[in-house]
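In what follows, a single structure is set out as structure tokens and then discussed.
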Amino acid sequence: MNYNLGYACINMALSYPEKGKERITTNRSMIKRTFQEKGLPYASTLTLQNAKDLLQILQWNEQHGIKFYRMSSDLIPWASEYDIKDLPDFEAIEEALYEAGLYAAEHNMRITTHPGPFNKLTSPKEDVIKRTIRDLEVHGEIFDLMCLPRTHFAKINIHVGATYNDRRMALDNFCKNFERLPESVRSRLTVENDDKASLYSTKELYDEVFTRIGVPIVFDYHHHKFCTGDQSESEAVHLAASTWGDIRPVVHYSESRADEHNDASIRPQAHSDSYVNPIDFHGLDLDVMLEAKHKEIALFKMRELLKNNLTMAA
DNA sequence: ATAGGTCAAGCGAGG
DNA sequence: CCTCGCTTGACCTAT
């Protein structure tokens, strides 16, 4: 079985270092008021630091055998509000991003991203669509600056995520607005099954999105429990995997926080800190994005679980 | 230095 | 009608 385990955005060891050591993070940001006061020069300063730290995170990953990483969407604060090329430090930023992308390529790393829930290609409101296209375009541009491939290897993953009590209309909008995206995004976009029964299951994404516009499906194990589309986990993960062509499918894995803390008051969709069960690959080659709060620490735990699992099977 | 309140965006769910 | 949660906590002010 071939697979990579990855984690999202934050490296605990680098982000919360021991005293005296410098914090390494790609998530420096600012609130709106500060952006209005300080404008592009400060955005540029934060971006350059974030972009330089990205390489450090990738190097840390390499040292720890981690080949799969989800980039933060906060790398360039307020990027949708201006042209990145207008940042005073653009050349240095471009260089830092290129270096990070080159490092990833040289070490066979897979880099992906997951823009926020505000991105709604389904919306009947044109201004929502315009903002969504702009935000996705920024993600595509950053990946281009890193020279990441324009394939689903470097996926940009979003949810379909809304129905407006008219799923036909919503799905039609999604497919129609997909065509309005720049090639840097269209070539990389994937969709993920939702975590609410009223939204979109893997099966529905397959029937209504993949078959129409060919966008592959990221299967989320935890979300599937809340929106099965009348499929078993095995059926759904196989269906999702069939949408990826030559590219190894990505899946998301997390466990229930409510179970982990034995606390029924925690919403069942919430993600655990770490893991107690090894992921079931259902016989597939998959790249697994681990969505646990403890990040790379949880990844190491999953490694152990899989190793023990293998030992027991042998 | 640390704690606590606050923070762009779109939705749906729950109170 | 309001708040929370979601990709992913981080920023900012008061103490």
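No hydrogens, no waters, no symmetry mates; every other heavy atom, side chains included, goes into these values. Chain identifiers are assigned alphabetically (A, B, ...) following the order of the sequence lines, protein sequences preceding nucleic acid strands; residue numbering begins at 1 within each chain.
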Report the nucleotide, chosen from [options], that has the shortest atom-to-atom distance to any side-chain atom of [X].
X: A:Asn27; options: C:dA10, B:dG12, C:dT13; value: C:dA10
X: A:Tyr16; options: C:dG9, C:dT8, B:dG10; value: C:dG9
X: A:Pro124; options: C:dC12, B:dC11, C:dT8; value: B:dC11
X: A:Glu291; options: C:dT7, B:dG10, B:dC7; value: C:dT7
X: A:Ala162; options: B:dC11, B:dA8, C:dG9; value: B:dC11
X: A:Arg267; options: C:dC11, C:dC12, C:dG5; value: C:dG5
X: A:Val128; options: C:dA10, B:dC11, C:dC12; value: B:dC11

request  = Would you tell me if any nitrogen or oxygen in the side chain of A:Ser198 comes within less than 4.0 Å of OP1 or OP2 on B:dA13?
outcome  =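 It does, given that an N or O in the side chain of A:Ser198 lies less than 4.0 Å from OP1 or OP2 of B:dA13.
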ask   = Looking only at side-chain N and O atoms, does A:Arg28 come under 4.0 Å of OP1 or OP2 in C:dG9?
value =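 For A:Arg28, the contact criterion (side-chain N or O under 4.0 Å from OP1 or OP2 of C:dG9) is not met.
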message = Pick the closest DNA chain C nucleotide for A:Thr34 and for A:Asp195 by heavy atoms, then say which residue is nearer the 5' end.
response =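 So the residue in question is A:Asp195.
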ask   = Taking NZ, NE, NH1 and NH2 as the nitrogens, is one of them in A:Glu62 or A:Lys67 under 4.0 Å from a carboxylate oxygen of the other?
value =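 Salt bridge present between A:Glu62 and A:Lys67.
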task = Give the intermediate values and the outcome of side chain to side chain contact (heavy atoms under 4.5 Å, CB included) for residues A:Tyr42 and A:Trp78.
result = CA-CA 11 Å; A:Tyr42 189 52; A:Trp78 296 93; over 6 Å; no
ask   = Near DNA chain C, which residues from residues 111-120 of chain A have a heavy atom under 4.0 Å away?
value =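 Within this stretch, A:His114, A:Pro117 sit under 4.0 Å of the strand.
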